[in-house]
There are 2 protein chains.
Amino acid sequence: MGNLALEPLDRPEGMTTHEYAHRRLRQAIMVGSIRPGESLTIRGIAEAMESSPTPVREALRRLSSEGALRVLDNRRIMVPRMTADRFLELISLRSVLEQHAARRAVPHITERRIDRLAEIDRAQDDAIARKDKATALLLNQEFHRTLYTANPEQVIMPMVESVWLQLGPLLGIAMEHVEQLYLVDRHQEAIAALRKRDEDAVAAAIDADIREGIGGFERPAIENLLRLAGQ
Amino acid sequence: MGNLALEPLDRPEGMTTHEYAHRRLRQAIMVGSIRPGESLTIRGIAEAMESSPTPVREALRRLSSEGALRVLDNRRIMVPRMTADRFLELISLRSVLEQHAARRAVPHITERRIDRLAEIDRAQDDAIARKDKATALLLNQEFHRTLYTANPEQVIMPMVESVWLQLGPLLGIAMEHVEQLYLVDRHQEAIAALRKRDEDAVAAAIDADIREGIGGFERPAIENLLRLAGQ
DNA sequence: TGTTTATTTTTGTGATCACATTTTGAAAAT
DNA sequence: ATTTTCAAAATGTGATCACAAAAATAAACA
């Protein structure tokens, strides 16, 4: 215990320590390198990133607000364990939230941004062809984010990011074991619908993208996956 | 500046200072006693609640994650100003989120909890009859919260709370000026639908409750309200 | 050998301090 | 009167320390 494996991360000049700590921990949680159930210590993290408790505490508070960490009664902090129920809850929320985000983006979308979406989608296809899973996952998120942030009023996106983060640890594991995730690509459908400014069709494409991808798992498959992940 | 008016708040034994600071600031923001645009200082808050910067900073980080505060480039912290666009965005998100929360609660609802909902609704009607606006607002939230928390898996509720908090400052002002908000009561409809375990009807009642209440404002009415609020 | 008790270590928490940056307010110059 | 310049105050930030509670380890007992 105590020896936390945190990959170093690029730190732009002028970035505060607490923000850096937040980014680095977030990244670690997203890729599942912090095992759920394992308790995190403030001093341990501070030491691992060569800083002090104060900024680390701020980062931990933010992450717990974002649902990425859970504070126990003992005041211990850990990455919450995934369960089949929680997983299904997160998926259904993700679907509703992202459909709504997509709808609210449509009136603000420009042809230029749609082109950018097409570009990201191509890059993702490349990554999939190269079997570069990590990049593919990142580009998939980039696609969705680029769509939703067409809306200048950003109140939904932080919540979508929160759901992604809570799903993150399992998502990484799932990609290791399941090929199904790569076969789904409704992005072309979404792009076509966007060109027509057809809100319903965009929402339908996003919904399909989620439900046929990670969200397509039935309960037995999820439980099997959780067993594989050793949780 | 600097002299922050923070109403004292009951502090249960064993509650940490940063959690207390969070609760107290949250409460102040929710009722609109911190003017949007006015910048908050860490030392000012620490002094106002007779503590020190460290726990206050943790509270501020949490609140900014919850969308209640915005951190500017200068690292200044303030309650975000409301605009008509942001308001409409928040309302539509609230509707979508709470309809979903309601649907996901239905399978877990018990008769006992429905009785509790009926009780809360009666208390709210009393408060309205007494023209006790603050209590009515609190009881309305309590009604919605009691419904959604029937679902044992709590991933949606924090997001609903976040939306409430972002809407909070204006909500308080709106209740001062607009009688319309009191006339809406779709709670009875929701209760009837719950007794029948009719998900669609429950969602419809919640949607109506939101859209005919605070959400029923058209853009001109909102802009007028914002003017009244002096923002 | 297994359980309980005592001691040591670890950990979260909150206050304080020093430093760098920003903001503010006064003084000087145009 | 308006703008510019400069000093003083305020502010965010991060490290350090002391304290109390919790956890882990060692010792004593059954």
Side-chain angles (χ1 to χ4, degrees), chain A residues 1-6 8-9 11-26 28-29 34-35 37-65 68-80, chain B residues 1-6 8-9 11-26 28-29 34-35 37-65 68-80:
Chain A
M1 79 152 51
N3 46 357
L4 182 62
L6 275 180
L9 199 72
R11 178 171 180 174
E13 188 176 1
M15 176 183 265
T16 57
T17 306
H18 64 83
E19 188 171 348
Y20 177 66
H22 176 261
R23 279 258 240 290
R24 204 158 146 186
L25 284 170
R26 190 192 141 86
I29 294 166
I34 299 178
R35 191 133 0 103
E38 203 170 84
S39 78
L40 292 170
T41 67
I42 294 170
R43 282 176 171 89
I45 296 166
E47 199 176 340
M49 48 179 73
E50 296 173 315
S51 65
S52 68
T54 315
V56 170
R57 279 162 64 179
E58 295 178 79
L60 292 177
R61 297 300 162 215
R62 280 183 60 185
L63 287 164
S64 67
S65 275
L69 295 175
R70 200 168 299 283
V71 180
L72 276 59
D73 295 331
N74 356 343
R75 296 175 182 172
R76 275 284 152 87
I77 295 173
M78 59 165 62
V79 177
Chain B
M1 77 155 51
N3 47 356
L4 182 62
L6 232 42
L9 199 72
R11 178 170 181 175
E13 189 175 1
M15 176 182 264
T16 57
T17 306
H18 64 82
E19 189 171 348
Y20 176 66
H22 177 261
R23 278 257 241 289
R24 203 159 146 187
L25 283 170
R26 190 191 141 85
I29 294 166
I34 300 178
R35 190 129 5 100
E38 203 169 86
S39 77
L40 292 170
T41 67
I42 294 171
R43 281 177 170 88
I45 297 165
E47 199 176 340
M49 47 179 76
E50 295 173 316
S51 66
S52 69
T54 315
V56 170
R57 279 163 62 180
E58 296 178 78
L60 292 178
R61 298 299 163 213
R62 282 183 60 185
L63 287 165
S64 67
S65 275
L69 295 175
R70 200 168 300 284
V71 180
L72 276 60
D73 295 332
N74 359 343
R75 296 176 182 170
R76 274 282 153 85
I77 295 173
M78 59 164 63
V79 177

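Every chain is numbered from 1 and lettered A, B, ... according to where its sequence line falls, protein lines coming before strand lines.
For the pair B/E58 CD and C/dT13 P, the computed distance is 7 Å after rounding to whole Å. B/I42 has its CD1 atom 18 Å from the P atom of C/dA20, to the nearest Å. Taking atom CD1 on B/I45 and atom P on D/dA10, their separation rounds to 17 Å, with Å as the unit. Regarding B/E13, its CD atom lies at a distance of 15 Å from the P atom of D/dA20, rounded to whole Å. To the nearest angstrom, P of D/dG14 lies 14 Å from NE2 of A/H22. For the pair A/L40 CG and D/dA22 P, the computed distance is 20 Å after rounding to whole Å. When the C1' atom of C/dT13 is taken as reference, atom CD1 of A/I77 falls 11 Å away, rounded to whole Å. Nucleotide C/dT11 holds its C1' atom 14 Å from the CG atom of A/L72, rounded to whole Å.
In terms of phosphate contacts, A/R76 brings no side-chain nitrogen or oxygen within less than 4.0 Å of OP1 or OP2 of D/dA21. When the side-chain nitrogen and oxygen atoms of A/N74 are compared with OP1 and OP2 of D/dA23, one or more of them lie within a distance under 4.0 Å.
Residues A/S65 and B/S65 approach most closely at CB-CB, 3.6 Å, considering heavy atoms. Closest approach of B/V56 to B/I42, counting heavy atoms only: CG1-O, 3.9 Å. Across all non-hydrogen atoms, the minimal contact from A/A59 to A/H18 is CB-O, 3.7 Å.
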Return the polar atom pairs (N/O with N/O) between nucleotides 6-8 of chain C and the protein under 3.5 Å, or none.
none

Produce the list of close N/O pairs, under 3.5 Å, pairing protein atoms with atoms of nucleotides 15-19 of chain D; give distances to one decimal.
unit_1	atom_1	unit_2	atom_2	d
D/dA15	OP2	A/S52	N	2.9
D/dA15	OP2	A/S52	OG	2.4
D/dA15	O5'	A/S52	OG	3.3
D/dA15	N7	A/T54	OG1	3.0
D/dT16	O4	A/T54	OG1	3.4

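Remark: A/R11 pairs with no residue by the salt bridge (charged side-chain N to carboxylate O under 4.0 Å, His left out) rule, at least two apart or across chains. Listed by chain and number, the residues in a salt bridge (charged side-chain N to carboxylate O under 4.0 Å, His left out) with A/R23 are A/E19 (sequence neighbours excluded). Checked against side-chain contact (heavy atoms from CB on, under 4.5 Å), B/M78 has the following partners two or more places apart in sequence or in another chain: B/L72.
Side-chain atoms of A/R75 lie closest to C/dT13 of the nucleotides D/dG14, C/dT13, D/dG12.
With rounding to the nearest 0.5 Å, the separation of NE2 in A/H22 from CG in A/L63 is 4.0 Å.
Side chains of B/L60 and B/L25 form a contact here, defined as non-hydrogen atoms less than 4.5 Å apart.
The stretch residues 49-60 of chain A participates, sequence neighbours left out, in these salt bridge (Lys or Arg N to Asp or Glu O under 4.0 Å) pairs: A/R57-B/E58, A/E58-B/R57, A/E58-B/R61.
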